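Right, one structure below, let's go through it.
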Amino acid sequence: MIILALDTAGVDCAAALYDSGRNTMLGEASDMIGKGHAEHLMGIVDRAMDQAGLALSAVDRIAVTIGPGSFTGIRVGVAAARGFALSLGVPAVGITTLAVMAEAQRQKTPGRPVLTAMDAKRNEIYLQAFNADGEPLDEARAVTVEEAQTVAAAFDGEITGSATPLLKPDATGDHANHFPISLVARLGADADPSAGKPKPLYLRGPDAKPQAGFAIARV
């Protein structure tokens, strides 16, 4: 199965082609642009397709990051994924940025649970815990820094994401919300397309809840 993966949820604009049958990345392109995903995404897709030596007609599934992250960027990526899926007649699946970041950490520290914590500003943190196999232990949610600190203090595992220094004062190194687009592609291959069309995952506000239509998968 050939997966076209897209990521516009953060500062990166990225696309990749992955052959799940051979577990091989065929092509990938990524630029750190900050803003302007709508203007850059199609060019990034073209670069990944050219590197893979494939036409769009070869794609069997679309995978896209659905957030949390940049409000505008998420909408661009999800709209593009749904457009590709409709025109190609293939399913599209959504992968949360929290799940991808947890998977990136699991590859560094296998066998360890992971707490993904993204700094949402305004004294909030986007938070979700995953077990050692990458399965979610709770729902993605926005909590106060104080609430996240309480969760982190009781969590026996690794912490990753831009909010790590807020939860571990002694944390060192780079804690940017960054991950390779290849992980989105691999998670997309394992996601369940029956979950429905991907939708943006917005967690802010008193009534915000994870929306139907996204899937969290593991490699």
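Computed from a predicted structure; not experimentally measured. Just so you know, residue 1 is the first one in the sequence shown, and it goes up from there.
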Review item, side-chain donor-acceptor pairs of residues 68-79, under 3.5 Å, at least two apart:
{"from": "Ser70", "atom 1": "OG", "to": "Gly73", "atom 2": "N", "distance (Å)": "3.0"}

Salt bridge (Lys or Arg N to Asp or Glu O under 4.0 Å) pairs, two or more places apart, involving residues 22-33: Asp19-Arg22, Asp31-Arg47

Spatial distance of atom CD (Gln107) from atom CZ (Arg186) [nearest 0.5 Å]: 7.5 Å

Ser30: partners by side-chain hydrogen bond (donor to acceptor under 3.5 Å, both in side chains), with sequence neighbours left out: none

Side chain to side chain contact (heavy atoms under 4.5 Å, CB included) partners for Leu137, two or more places apart: Ala129, Asn131

Evaluation steps, side-chain contact (heavy atoms from CB on, under 4.5 Å), between Val90 and Arg61: CA-CA 6 Å; Val90 300; Arg61 179 180 295 183; 5.6 Å; no

Separation between OG1 of Thr96 and CG of Leu203, rounded to the nearest 0.5 Å: 9.0 Å

Nonpolar side-chain network containing Val145, other nodes, edges under 4.5 Å: Leu115, Ile125, Leu127, Val143, Val151, Phe155, Ile159, Leu166, Leu167

Transitive ILVMFWY side-chain link Leu183 to Ile181, under 4.5 Å: yes

Partner residues of Asn123 under the side-chain hydrogen bond (donor to acceptor under 3.5 Å, both in side chains) criterion, sequence neighbours left out: Glu146

Hydrophobic cluster membership, Ile44 vs Ile95, 4.5 Å side-chain cutoff: no

By side chain to side chain contact (heavy atoms under 4.5 Å, CB included) - contacts of Ala52 (at least two apart): Leu17, Leu26, Leu54

Distance-only side-chain donor-acceptor flag, Glu147 / Thr144, under 3.5 Å: yes

Any residue meeting side-chain hydrogen bond (donor to acceptor under 3.5 Å, both in side chains) with Ser87, in chain and number order, not counting sequence neighbours: none

Residue list, salt bridge (Lys or Arg N to Asp or Glu O under 4.0 Å) with Asp156, at least two apart or on another chain: Arg112

Ring pair (Phe, Tyr, Trp, His ring centres under 6.0 Å): pairs with one or both residues in residues 11-37, sequence neighbours excluded: none

Thr109 (side chain) donor-acceptor with Gln105 (main chain) under 3.5 angstrom: yes

Cluster check Met1, Ile62: I/L/V/M/F/W/Y, side chain < 4.5 angstrom: no

Partner set under side-chain hydrogen bond (donor to acceptor under 3.5 Å, both in side chains) for Ser182, not counting sequence neighbours: none

For Lys121, salt bridge (Lys or Arg N to Asp or Glu O under 4.0 Å) partners two or more places apart: Asp119

Any donor-acceptor pair under 3.5 Å from Asp46 side chain to Ala48 backbone: no

Pair Phe179-Asp12, side-chain contact (heavy atoms from CB on, under 4.5 Å): steps then yes or no: CA-CA 9 Å; Phe179 46 79; Asp12 292 336; over 6 Å; no

